[in-house]
Protein chains: 2
Amino acid sequence: MDQNSRQELEDKGWKIGSVAEFLELSPEETMLVEIKLALSRSLKERRQALMTQAKLADKIHSSQPRVAKAENGDESVSIELLIRAILATGASPQEIGQVIASVG
Amino acid sequence: MDQNSRQELEDKGWKIGSVAEFLELSPEETMLVEIKLALSRSLKERRQALMTQAKLADKIHSSQPRVAKAENGDESVSIELLIRAILATGASPQEIGQVIASVG
DNA sequence: CTAGAATATATCAGATATGATATAAGTCCA
DNA sequence: TGGACTTATATCATATCTGATATATTCTAG
């Protein structure tokens, strides 16, 4: 975990108040966060190539603001919603598996 | 989706009241459910080889009953908890990606 | 520039997932 | 056969996630 990753996580609001607190994330907790961020990035890439946030929101019976949060790695977004959204871009389970497997 | 899968899903309580209702699951919704079930099965296999449900519950700061639900594909269990649990068995993101990629 | 479209941020009430607890049911072997 | 251990089921108050809405900001074409 380098300084850039740390900054990225803090920027996304991963309730990190101090370096010490950050370092207390276990490897498993860190992996979980990285999985979420990888899914966020994948979602944004795929969605941008295909449609607007509002259009995707409709497809998954959600709202444009929630899609925005999903794409920006907001901590309030569940992995479940991320996967629902990615599936709605036409991704296969294989592709989703790839994204997760690509994490550290 | 064959008859066995359907029966499996109904057994797990995936709020399916009738065949018609079941068939109204979109391909994306079906994939999501199958991803969850695949993760459940993987969790159970891995955990059984290593430790007791109570031990795993401690590791993820959860409870034995919740681990039981996770392993039995209970609808109330989030993908997030499933992944947290699988990571706690020592699985890598690669292995989790494999499980998801193995779905349909 | 600038209007319209897309995206981001803020707020919130309701829905869902959570860990805890109690306890039932199953498993195993002394 | 029964007692320890493990897993399953039921209930619940609380925490977290949800979609909706309002609105601010950013982007893009003209």
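Chain letters run A, B, ... following the sequence lines, proteins first and then strands; every chain starts at 1.
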**Request:** Kindly indicate whether the side chain of L56(B), heavy atoms from C-beta on, has any atom under 4.5 Å from the side chain of Q53(B).
**Result:** no
**Prompt:** Looking only at heavy atoms, which two atoms of I86(B) and R46(B) are closest? And how far apart?
**Reply:**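 Closest heavy-atom pair between I86(B) and R46(B): CG2-CD, 4.1 Å.
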**Message:** In whole Å, I'd like the distance from the CG atom of L82(A) to the C1' atom of dG19(D).
**Reply:**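 Distance check: L82(A) CG to dG19(D) C1' gives 16 Å.
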**Prompt:** To the side chain of E71(A), which of dT21(C), dG19(D), dA8(C) is closest?
**Reply:**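 Closest nucleotide among those given: dA8(C).
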**Complete:** Closest to the side chain of R47(B), out of dT18(D), dA8(D), dT7(D), is dT7(D)
**Prompt:** Please give, in whole Å, the distance from dC17(D) P to L81(B) CG?
**Reply:** 12 Å
**Asked** Under 4.5 Å between any side-chain heavy atoms of L50(B) and K55(B), yes or no?
**Response**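 They are not in contact (no side-chain heavy atoms under 4.5 Å apart), so the answer is no.
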**Prompt:** Contact class for S63(B) (heavy atom, under 4.0 Å): base, sugar-phosphate, or nothing?
**Reply:** base
**Item:** Euclidean distance, atom CD of residue Q53(A) to atom C1' of dT7(C) [Å, nearest integer]
**Value:** 5 Å
**Message:** Whether R66(B) contacts dA8(D) is assessed here as follows: a side-chain N or O lying under 4.0 Å from the phosphate OP1 or OP2. Is that the case?
**Reply:**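 Answer no for this pair, as no side-chain N or O of R66(B) is under 4.0 Å from OP1 or OP2.
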**Message:** If the threshold is 4.0 Å, N to carboxylate O, is there a salt bridge linking R47(A) and E71(A)?
**Reply:**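 E71(A) and R47(A): salt-bridged.
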**Prompt:** Would you say K55(B) reaches dC5(D)'s phosphate, i.e. side-chain N/O to OP1/OP2 under 4.0 Å?
**Reply:**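 Checking dC5(D) against K55(B), no side-chain N or O comes under 4.0 Å of OP1 or OP2.
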**Prompt:** For the pair made of CD1 in I79(B) and C1' in dC17(D), what is the distance, rounded to whole Å?
**Reply:**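 These atoms are roughly 14 Å apart.
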**Request:** Measure from the side-chain heavy atoms of P65(B) and tell me the nearest of dG19(D), dA22(C), dA10(C).
**Result:** dA22(C)
**Prompt:** Mapping T52(B) and S78(A) to their closest nucleotides on DNA chain D, which lands nearer the 5' end?
**Reply:** T52(B)
**Message:** What is the separation between atom CD on E80(A) and atom P on dT18(D), rounded to the nearest whole Å?
**Reply:** 8 Å
**Message:** If the cut-off is 4.0 Å, is S62(B) near the phosphate of dG19(C), judged by side-chain N/O to OP1 or OP2?
**Reply:**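 S62(B) to dG19(C) OP1/OP2: side-chain N or O found under 4.0 Å.
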**Any S76(B) side-chain nitrogen or oxygen under 4.0 Å from OP1 or OP2 of dT18(C)** =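 S76(B) to dT18(C) OP1/OP2: no side-chain N or O under 4.0 Å.
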**Asked** Within this structure, what is the NZ-to-C1' distance between K69(A) and dT23(D), rounded to whole angstrom?
**Response** 13 Å
**Item:** Pairwise 5' ranking along DNA chain D for Q64(A) and I60(A), keeping only the more 5' one
**Value:**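 Final value for this comparison: I60(A).
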**Asked** Between dT9(C) atom C1' and E75(A) atom CD, what is the distance in whole Å?
**Response**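 To the nearest whole Å, that distance equals 14 Å.
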**Message:** Check this one for me: any side-chain N or O of N72(B) less than 4.0 Å away from OP1 or OP2 of dA8(D)?
**Reply:**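 So the side chain of N72(B) is within the cut-off, an N or O lying under 4.0 Å from OP1 or OP2 of dA8(D).
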**Prompt:** Can you check the D74(B) CG to dA8(D) P distance for me, whole Å?
**Reply:** 11 Å
**Asked** Are any of the side-chain nitrogens in K36(B) or E75(B) under 4.0 Å away from the carboxylate oxygens of its partner?
**Response**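 Salt bridge: no.
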